[in-house]
A.B. asks: 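This is the structure, below, for whatever I ask next.
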Amino acid sequence: MTAQLINGKEVSQQRLAAVAQAVGQRTAAGLRTPCLAVVLVGDDPASAVYVRNKKTACQKSGIASLSYELPAEAAQDQLLKLVDELNANPEVDGILVQLPLPKHIDSQAVLERILPHKDVDGFHPYNVGRLAVKMPLMRPCTPKGVMTLLESYRINPKGKKAVIVGASNIVGRPQALELLLARATVTVCHSATENLADEVAQADILVVGVGIPNFVKGEWVKPGAVVIDVGINRLEDGSLCGDVEFDVAKERAAMITPVPGGVGPMTIATLLENTLHAAQLHD
């Protein structure tokens with residue numbers, strides 16, 4: 001049996017349409033148009049593509065966007081000064097500083113400088129902490145996007161065994177908190193995990209985000225599991241693949257996200273949902 005594909009592109013379009021409708025209702029009621037400020041430091045090609053996609057999504061959803069580009073050699077103080085200006089700007093609802101930043105800049109210091117209610121990426125310790133104590137404010141985009149996909153496909157994590165491979169601050173750790181909030185039983189695996197294949201084999205819901213092509217072997221996947229592949233890797237031939245060995249896994253799983261077209265589009269849709277939420281908080 002071949003797994004059903006979880007179509008993140010389709011779900012993201014539905015969510016963006018809902019955002020556009022809500023923005024239209026706001027403006028019709030005389031309220032401000034939500035505004036997202038995006039900051040790009042340096043000329044990393046992948047980052048430039050992500051920023052361009054975010055601008056396009058803003059245009060489609062009726063959200064105003066401001067773009068700030070700093071050279072790769074920009075000083076950390078220069079970036080912090082820009083963040084302070086955006087924090088103080090009443091027209092700006094959300095601030096996104098595109099990662100990764102150049103090595104001479106302390107990313108955590110920059111993320112912590114963003115006001116929590118303008119932190120639409122959901123990376124500020126305040127927002128992660130609120131998620132940990134079951135009082136979410138701004139939820140990290142990719143993990144929240146994963147939860148939206150599960151909800152859209154009527155996959156209820158309650159009581160299920162969820163296994164996360166990867167413990168990053170951007171995906172793994174907040175994903176664990178999201179699944180705990182949904183009352184799954186959660187295991188987080190990382191580079192020191194022993195017998196990884198055995199851990200993966202127990203997962204009713206498997207979320208993988210390690211940034212290594214085909215890292216999780218398809219034969220490890222429990223028959224009937226739901227597989228969420230957060231990874232996106234470009235191979236030498238130019239093709240894209242995820243962190244899960246897709247061709248084998250799809251013959252064992254009940255549902256699986258493709259790469260591309262799975263989790264990726266949901267991250268941007270969630271970013272715009274968070275920007276709308278930030279505008280509502282601002283009101």
A.B. asks: Is the side chain of Thr27 donor-acceptor paired with the backbone N or O of Gly24 at a distance under 3.5 Å, no angle test?
C.D. replies: yes

A.B. asks: Any heavy-atom pair between the side chains of Glu151 and Met147 that's under 4.5 Å?
C.D. replies: no

A.B. asks: Can you tell if the side chain of Pro100 reaches within under 4.5 Å of the side chain of Ser47, non-hydrogen atoms only?
C.D. replies: yes

A.B. asks: Where the side chain of Asn87 meets the backbone of Leu115, is there a donor-acceptor pair that is under 3.5 Å apart?
C.D. replies: yes

A.B. asks: What about Val230 and Tyr153, same hydrophobic cluster or not, with Ile/Leu/Val/Met/Phe/Trp/Tyr joined at side-chain heavy-atom distances under 4.5 Å?
C.D. replies: yes

A.B. asks: Hey, is the main chain of Ile256 close enough, under 3.5 Å, to the side chain of Lys250 for a donor-acceptor pair?
C.D. replies: no

A.B. asks: Cluster question for you: counting only ILVMFWY and a side-chain heavy-atom cut-off of under 4.5 Å, with indirect links fine, are Val263 and Val207 together?
C.D. replies: yes

A.B. asks: Which residues satisfy the side-chain hydrogen bond (donor to acceptor under 3.5 Å, both in side chains) test with Glu245, sequence neighbours excluded?
C.D. replies: none

A.B. asks: Identify the two heavy atoms, one from Glu251 and one from Asp247, that lie closest to each other, and give their separation to 0.1 Å.
C.D. replies: CG-O, 3.6 Å

A.B. asks: What side chain to side chain donor-acceptor pair (under 3.5 Å) pairs are there with at least one residue in residues 262-283, not counting sequence neighbours?
C.D. replies: Arg15-Glu273, Arg26-Asp283, Arg32-His282, Asp93-His282, Thr142-Thr267, Lys144-Glu273

A.B. asks: For His190 and Val188, work out which heavy atoms get closest and say how close.
C.D. replies: CD2-O, 3.8 Å

A.B. asks: So Phe215 and Leu196, side-chain contact (heavy atoms from CB on, under 4.5 Å) or not? Walk me through it.
C.D. replies: CA-CA 11 Å; Phe215 178 75; Leu196 179 61; 3.5 Å; yes

A.B. asks: Is there a side-chain contact (heavy atoms from CB on, under 4.5 Å) between Thr187 and Gln202 once you walk through the steps?
C.D. replies: CA-CA 10 Å; Thr187 298; Gln202 298 180 52; over 6 Å; no

A.B. asks: Within the structure provided, determine whether Val216 and Leu206 are in side-chain contact (heavy-atom separation under 4.5 Å).
C.D. replies: yes

A.B. asks: Who are the side-chain hydrogen bond (donor to acceptor under 3.5 Å, both in side chains) partners of Ser12, not counting sequence neighbours?
C.D. replies: none

A.B. asks: Hey, which of Leu96, Val83, Leu79 is the one that makes side-chain contact (heavy atoms from CB on, under 4.5 Å) with Val39?
C.D. replies: Leu79

A.B. asks: To the nearest 0.5 Å, how far apart are CG in Leu80 and CZ in Arg113?
C.D. replies: 4.5 Å

A.B. asks: Looking only at heavy atoms, what is the nearest atom pair of Val23 and Gly62, with distance?
C.D. replies: CG1-O, 3.5 Å

A.B. asks: Going hydrophobic residue to hydrophobic residue with side-chain gaps under 4.5 angstrom, can you get from Val186 over to Leu150?
C.D. replies: yes

A.B. asks: Nearest 0.5 Å, please: how far is CG in Leu82 from CD1 in Ile95?
C.D. replies: 8.5 Å

A.B. asks: Measuring from atom CG of Leu137 to atom NE2 of His117, what distance do you get when rounded to the nearest 0.5 angstrom?
C.D. replies: 9.5 Å

A.B. asks: Could you work out, with salt bridge (Lys or Arg N to Asp or Glu O under 4.0 Å) as the rule, every residue matching Asp44, not counting sequence neighbours?
C.D. replies: none

A.B. asks: Nearest 0.5 Å please: distance from the CG atom of Leu177 over to the NZ atom of Lys134.
C.D. replies: 12.0 Å

A.B. asks: Taking Leu86's backbone N and O only, do any of them form a donor-acceptor pair with Lys118's side chain (distance below 3.5 Å, no angle check)?
C.D. replies: yes

A.B. asks: Name the one of Ile155, Thr257, Asn7 that satisfies side-chain contact (heavy atoms from CB on, under 4.5 Å) with Leu149?
C.D. replies: Thr257

A.B. asks: Under 4.5 Å between any side-chain heavy atoms of Leu40 and Tyr50, yes or no?
C.D. replies: no

A.B. asks: Does Leu99 form a side-chain contact (heavy atoms from CB on, under 4.5 Å) with Phe123? I'd like the steps, not just the answer.
C.D. replies: CA-CA 11 Å; Leu99 301 177; Phe123 293 159; 4.0 Å; yes

A.B. asks: By the side chain to side chain donor-acceptor pair (under 3.5 Å) test, which pairs, at least two apart or in different chains, include something from residues 209-231?
C.D. replies: Asp204-Lys222

A.B. asks: Would a 4.5 Å heavy-atom cut-off, applied to side chains only, mark Pro174 and Asn169 as touching?
C.D. replies: no

A.B. asks: Is there any salt bridge (Lys or Arg N to Asp or Glu O under 4.0 Å) pair reaching into residues 178-188, and which pairs are they, with sequence neighbours excluded?
C.D. replies: Arg139-Glu178

A.B. asks: Please tell me if the side chains of Cys35 and Glu91 come closer than 4.5 Å, counting only heavy atoms from C-beta onward.
C.D. replies: no

A.B. asks: Is it the case that one hydrophobic cluster holds both Val208 and Ile205, taking links as side-chain heavy atoms less than 4.5 Å apart, direct or via other members?
C.D. replies: no

A.B. asks: Please report the closest heavy-atom contact between Leu70 and Gln78, naming both atoms and the distance.
C.D. replies: CD2-NE2, 3.8 Å

A.B. asks: Mind running side-chain contact (heavy atoms from CB on, under 4.5 Å) on Val221 and Val227 for me, showing each step along the way?
C.D. replies: CA-CA 8 Å; Val221 173; Val227 178; 3.8 Å; yes

A.B. asks: Do Glu112 and Pro125 have side-chain heavy atoms sitting under 4.5 Å apart?
C.D. replies: yes

A.B. asks: Does any N or O in the side chain of Ser168 come within less than 3.5 Å of the main-chain N or O of Val171, such that one atom is a donor and the other an acceptor?
C.D. replies: yes

A.B. asks: Heavy atoms, side chains only, cut-off 4.5 Å: are Glu10 and Ser152 in contact?
C.D. replies: no

A.B. asks: Return the minimal non-hydrogen interatomic distance between Pro136 and Leu131, and the atom names on each side.
C.D. replies: CB-CD1, 4.1 Å

A.B. asks: Report yes or no: do Ile212 and Ile232 belong to one cluster of Ile/Leu/Val/Met/Phe/Trp/Tyr joined by side chain heavy-atom distances under 4.5 Å?
C.D. replies: no

A.B. asks: From Arg52 CZ over to Thr56 OG1, what is the distance, rounded to the nearest 0.5 angstrom?
C.D. replies: 7.5 Å

A.B. asks: Say you draw a straight line from CE of Met266 to CD1 of Ile6; how long is it, rounded to the nearest 0.5 Å?
C.D. replies: 11.0 Å

A.B. asks: For Ala64 and Thr33, work out which heavy atoms get closest and say how close.
C.D. replies: N-CG2, 3.8 Å

